[in-house]
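Contents: one structure, followed by commentary.
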Amino acid sequence: MLNHHSNKLLLLTSVFLLFSCNKLVEIPDPKNTLTTNKVFNNDTQAVSAMAGILTQMINTDASSSFASGLTSQTARASADEINLAFNLNNNIGDLARNSLTAESGEANNIWSSAYQTIYGANGVLEGIEASKSALLHAQTRTELIAEAKFLRAFSYFYLVNCFGDVPLLLSTNLAENSNKPRTAVAIVYQQIINDLIDAANALPADYSAGGGERIRANKWAAKALLARVYLYTGDNSKAIQEATDVIGQTGLYQLETADLNKVFLKNSSETIWQLQQNVNKIFIGNAVPEAVGMLPSPLHTGTSGDLSSYLLKAFEPGDLRKAAWIDSTDFTQSGVNYRARFIYKYKTGYHNLVVGGVAAEYYMVLRFAEMYLIRGEAFALSGQLSAGIEDLNILRRRAGIVPLPTTLTKEQTLAAIAKERQTELFGEWGHRWFDLKRTGKAEQVLSAIPAKQPWRGNYQLLYPIPKTELQRDHFLTQNPNY
């Protein structure tokens with residue numbers, strides 16, 4: 001399954017330390033190996049190994065890693081967030097037209113990059129367990145183990161939502177892992193929950209690990225993801241509790257009510273966890289990788305993909321999110337004049353990035369507003385409609401639109417929450433596509449889109465297992481109809 005990454009994965013700490021990152025300490029090492037007792041000999045080296053996993057997740061172009069923009073990019077096309085009137089590259093076009101094949105490079109890159117992060121996390125867990133060095137102190141051990149479990153859980157969350165059943169790998173044993181069958185989603189989710197509970201119990205409650213920046217997972221990041229997982233798995237009472245715990249951290253988190261353009265700035269008050277790009281990387285610079293490919297250049301006359309009418313119509317008149325987070329560009333392509341609407345949550349892209357410049361934005365992964373949406377939906381599903389509506393109204397007031405009455409029925413409340421999730425979280429991390437699938441609305445919504453005709457079936461609500469992986473691991477089976 002992962003043979004094509006075997007050298008990198010088995011020796012991934014040595015590879016990670018080669019990445020340029022001003023947060024890392026450069027440690028000379030052999031070219032082909034780096035022994036566990038050396039990597040995990042002291043606090044600094046062990047922390048550098050963890051930082052290396054994070055930098056590998058983000059410091060690539062948006063088409064290469066599930067954590068640098070690929071998840072958002074593919075899911076926007078799979079859902080109803082983009083308009084096919086504009087030329088798209090073939091693979092994204094296949095996603096948008098619901099005609100994906102097992103040869104898709106996007107599916108392969110999501111799969112391989114997520115497993116690469118999982119291998120990294122497993123390597124840290126094994127390395128710390130094996131290290132007997134007194135220079136690797138107990139607190140560092142505890143926190144790095146917790147962070148590794150968080151990253152493993154995070155990666156598996158996206159794997160099961162993209163592919164369904166996936167191999168559950170809890171070690172770096174390549175011989176064993178290369179012959180793993182797929183594990184049922186319910187079992188993978190239980191591992192995700194176990195890892196996140198362990199992480200929440202051991203991670204610091206502040207951002208000291210990132211030097212005050214919100215670029216390393218803390219206790220509340222683990223609880224935020226746990227709240228989402230509980231919502232997805234139908235444990236509404238626990239989703240409410242975890243989201244409430246995060247919402248209660250008023251000293252750390254607040255909605256950006258004065259200016260929505262501040263939401264996606266680095267270390268904003270809505271940030272629970274962000275990934276920090278390497279500003280010295282060519283073609284990325286001080287922009288987040290996803291924005292480099294998403295924003296037109298020049299900003300208002302460059303070519304761009306277009307947001308769909310389905311998304312644009314979901315915004316109510318006067319919604320400040322539409323004004324702050326969507327912009328347009330006018331351009332001519334093949335002699336035809338176009339106006340395209342594009343996501344403008346990030347303001348730095350190819351049109352204005354500076355290699356080596358100061359980053360104004362990091363890549364937002366978990367943010368505070370989602371906690372109100374999770375808790376509101378869990379309240380509504382539990383029959384606590386007025387509480388669910390009030391959580392929704394907190395975001396609606398922030399967006400400058402009229403609060404909803406508390407007299408809504410359960411069906412009306414859930415529909416309002418779905419729309420609010422659509423307009424709050426659009427374009428981010430696959431939320432819209434995952435929401436349509438988990439709520440059973442995918443076929444109804446997506447099969448009605450002309451560009452997705454003929455509707456080939458609900459089997460495309462899961463991506464295909466990459467063909468190359470099936471050839472390497474004969475215990476793997478393909479998703480139906482691919």
Side-chain angles (χ1 to χ4, degrees), residues 79-81 224 227-228 230-232 234-248 250 253-263 269-270 272 307-326 343 345 366-429 431-442 444-445 448:
D80 58 350
E81 294 185 312
R228 185 195 295 173
Y230 281 138
L231 180 69
Y232 273 52
D235 197 334
N236 296 314
S237 62
K238 289 182 179 177
I240 291 168
Q241 183 59 60
E242 298 298 337
T244 298
D245 285 350
V246 180
I247 290 170
T250 55
Y253 310 117
Q254 296 283 339
L255 291 176
E256 294 282 359
T257 55
D259 184 358
L260 288 176
N261 289 306
K262 294 182 178 180
V263 171
S269 66
E270 283 201 37
I272 298 175
L307 296 178
S308 72
S309 60
Y310 308 101
L311 171 59
L312 297 173
K313 290 177 181 177
F315 291 94
E316 296 172 36
D319 193 322
L320 298 175
R321 293 170 296 196
K322 185 177 182 181
W325 296 345
I326 294 177
I343 299 172
K345 289 182 173 180
L366 296 171
R367 65 183 179 96
F368 191 49
E370 187 193 355
M371 295 301 100
Y372 288 105
L373 292 166
I374 288 172
R375 191 174 70 172
E377 184 173 347
F379 272 141
L381 289 168
S382 302
Q384 302 175 67
L385 298 184
S386 59
I389 292 168
E390 180 49 39
D391 274 343
L392 208 60
N393 283 338
I394 289 171
L395 297 183
R396 290 176 65 86
R397 292 186 190 99
R398 197 261 305 253
I401 51 180
V402 177
L404 296 171
T406 57
T407 55
L408 297 180
T409 65
K410 182 176 182 179
E411 183 178 1
Q412 290 171 329
T413 302
L414 290 174
I417 290 168
K419 189 193 76 65
E420 210 64 33
R421 289 183 65 89
Q422 183 182 16
T423 52
E424 178 69 36
L425 301 174
F426 69 92
E428 297 179 50
W429 284 96
H431 282 293
R432 174 63 174 169
W433 190 46
F434 296 167
D435 285 348
L436 289 172
K437 294 194 295 180
R438 71 180 177 83
T439 59
K441 301 292 186 182
Q444 174 189 337
V445 172

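Heads up: numbering here begins at 1 and tracks the sequence. Quantities reported herein were computed from a predicted structural model and do not represent experimental measurements.
- The shortest distance between side-chain heavy atoms of E424 and W325 falls below 4.5 Å.
- Applying the 6.0 Å contact sphere to NZ of K419 captures more than 12 heavy atoms from other residues, nucleotides or ligands.
- For the pair K345 and F426, the cation-pi test (distance below 6.0 Å, angle within 45°) is passed.
- Across L404 and N393, no two heavy atoms sit closer than the pair N-OD1, 2.6 Å.
- Nearest heavy-atom pair, A378 versus A239, reported as atom, atom and distance to 0.1 Å: CB-CB, 4.1 Å.
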Start with the C-alpha distance between Y372 and L255, add both sets of side-chain angles, then the distance that settles side-chain contact (heavy atoms from CB on, under 4.5 Å), and finish with yes or no.
CA-CA 10 Å; Y372 288 105; L255 291 176; 4.0 Å; yes
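- In this structure, K322 NZ and F315 CZ are separated by 7.0 Å, a value rounded to the nearest 0.5 Å.
- Atom CE in M371 sits 11.0 Å away from atom CG in D245 (nearest 0.5 Å).
- In this structure, D80 and Q422 have side chains that are in contact, with non-hydrogen atoms separated by less than 4.5 Å.
- Minimum interatomic distance between W429 and F434 (heavy atoms only, all atoms of both residues): O-CE1, 3.8 Å.
- Inter-residue side-chain proximity for H431 and R228 is flagged as met; some heavy-atom pair is nearer than 4.5 Å.
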Using the side-chain contact (heavy atoms from CB on, under 4.5 Å) rule, take T406 and E390 through it: C-alpha gap first, then chi angles, then the decisive distance, then the call.
CA-CA 8 Å; T406 57; E390 180 49 39; 6.0 Å; no
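- Annotation for R432 and A79: closest pair CG-CB, 3.9 Å, computed over non-hydrogen atoms.
- R398 places no side-chain N or O within 3.5 Å of a backbone atom of T257 that could act as its donor or acceptor partner.
- Judged by distance alone, the side chain of Q254 and the main-chain N or O of S269 form no donor-acceptor pair under 3.5 Å.
- Contact between E377 and I417 at its shortest, heavy atoms only, is CA-CD1, 3.5 Å.
- I343 places none of its side-chain heavy atoms less than 4.5 Å from the side chain of E81.
- Rounding to the nearest 0.5 angstrom, the gap separating the OG1 atom in T413 from the CZ atom in F379 is 13.0 Å.
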Check against side-chain contact (heavy atoms from CB on, under 4.5 Å), E370 and I272:
CA-CA 10 Å; E370 187 193 355; I272 298 175; over 6 Å; no
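- Counting only heavy atoms from C-beta outward, the side chains of L414 and T439 never approach each other to under 4.5 Å.
- Each of L392, D435, L231 was checked for a side-chain contact (heavy atoms from CB on, under 4.5 Å) with L373, and the lone residue meeting it is L392.
- Atom CD1 of I389 is separated from atom CG of L408 by 4.0 Å, given to the nearest 0.5 angstrom.
- With rounding to the nearest 0.5 angstrom, the CD1 atom of I247 is 5.5 Å from the CZ atom of F368.
- Under the 4.5 Å side-chain criterion, counting only non-hydrogen atoms from C-beta, T407 is not in contact with Q412.
- Remark: L260 CG to L320 CG distance equals 6.0 Å, nearest 0.5 Å.
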Assess whether side-chain contact (heavy atoms from CB on, under 4.5 Å) is satisfied between L425 and R367, documenting all intermediate values.
CA-CA 10 Å; L425 301 174; R367 65 183 179 96; 3.8 Å; yes
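- Pairing each heavy atom of I374 with each of A224, the nearest pair is CD1-O, 4.4 Å.
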